[in-house]
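Atoms considered below: every heavy atom in the structure, side chains included; atoms not considered: hydrogens, waters and symmetry mates.
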Amino acid sequence: MKKLLSALYAMPGPVWLFGAYGVFRMWSWLLARIVSGSLPTTWTTAALDLGTLLAALLPVSLLGLLLKRSAYAVQLVSLYAGLKGAAHFIALFRPVFGRFPETPDMVSSVLVNGVMCALWFGVLRYFERSEDIARLFPVEERRRTWWPVVPMIALMLVCM
């Protein structure tokens with residue numbers, strides 16, 4: 001536990017915020033399950049609950065990769081942030097295609113998606129350009145892979 005805390009203390013502030021987001025997602029899923037007080041009744045509901053759980057655990061697992069200083073950590077967190085930003089950007093256009101009638105919900109949805117889109121693209125930009133991240137994760141030691149895109153997109157489709 002001491003090693004984990006020392007690794008966390010070495011991380012810059014935006015990594016802490018990303019970790020707080022991940023822990024919030026995990027606990028909000030858990031509390032929603034506890035408050036509902038019921039188990040899934042069909043296989044479809046159980047599969048959606050499992051997908052939502054995996055989507056909630058994804059940021060926490062990415063934080064774990066950052067704390068372990070994995071060679072794939074920066075690329076995977078950047079990929080996650082970019083996909084979340086793109087998903088919120090696409091969600092900005094839901095009112096155009098008749099997803100919402102002219103109500104206050106439409107305005108709040110557009111505002112929330114606009115702010116979330118900007119925040120996620122800011123996180124993406126930070127992980128790609130930050131000197132602190134470059135110092136902690138040297139560019140020559142980072143590795144890249146393409147296959148995590150598929151499960152991340154699937155989880156985001158289930159979650160949004």
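Across every non-hydrogen atom of C117 and G85, the tightest pair is SG-O, 3.6 Å. Contact record, G22 with P59: CA-CB, 3.5 Å, taken as the closest heavy-atom pair. Across all their heavy atoms, F121 and A86 have their closest contact at CZ-N, 3.7 Å. Shortest non-hydrogen contact noted between W29 and A56 is CB-CB, 4.0 Å.
Atoms OG1 and CG, from T52 and L57 in turn, are 11.0 Å apart once rounded to the nearest 0.5 Å. Taking CD1 from I133 and CZ from R135, the interatomic distance works out to 9.0 Å, rounded to the nearest 0.5 Å. Taken from CG in L30 to CZ in R33, the straight-line distance is 10.0 Å, to the nearest 0.5 Å.
Taking 4.5 Å as the limit, some side-chain heavy atom of F127 sits within range of a side-chain heavy atom of L66. The shortest distance between side-chain heavy atoms of L136 and P12 falls below 4.5 Å. Contact of the R25 side chain with the V60 side chain is not registered, since no non-hydrogen atoms from C-beta on lie closer than 4.5 Å. Under the 4.5 Å side-chain criterion, counting only non-hydrogen atoms from C-beta, L63 is not in contact with V77. The closest side-chain heavy-atom distance from Q75 to S78 is not below 4.5 Å. Side-chain atoms of M11 and R69, non-hydrogen and from C-beta on, do get closer than 4.5 Å to each other.
When the options L155, L124, L58, V123 are evaluated for a side-chain contact (heavy atoms from CB on, under 4.5 Å) with Y80, the one that passes is L58.
In this pair, F18 and Y21 present their aromatic rings tilted. The plane angle is within the 30 to 60° band.
M152 and L50 fall within the same hydrophobic cluster, where Ile, Leu, Val, Met, Phe, Trp and Tyr residues are linked whenever their side-chain heavy atoms come under 4.5 Å apart, directly or through other members. Residue I153 is grouped with residue L76 when hydrophobic side chains (ILVMFWY) are merged at heavy-atom distances under 4.5 angstrom, including chains of intermediate members. If you chain together hydrophobic residues whose side chains sit under 4.5 Å apart, L79 and L54 fall into the same group. Hydrophobic clustering keeps L119 apart from I90 (ILVMFWY residues linked when any side-chain heavy atoms are closer than 4.5 Å, directly or through intermediates). Y126 and Y72 fall within the same hydrophobic cluster, defined by Ile, Leu, Val, Met, Phe, Trp and Tyr side-chain heavy atoms under 4.5 Å apart, directly or through other members.
Taking a 6.0 Å sphere around CZ of F89, one finds it holds 12 or fewer heavy atoms contributed by other residues, nucleotides or ligands.
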Exercise for the section: Take M26 and L53 through the test side-chain contact (heavy atoms from CB on, under 4.5 Å) and record every step on the way to the result. Expected result: CA-CA 8 Å; M26 179 187 64; L53 171 65; over 6 Å; no

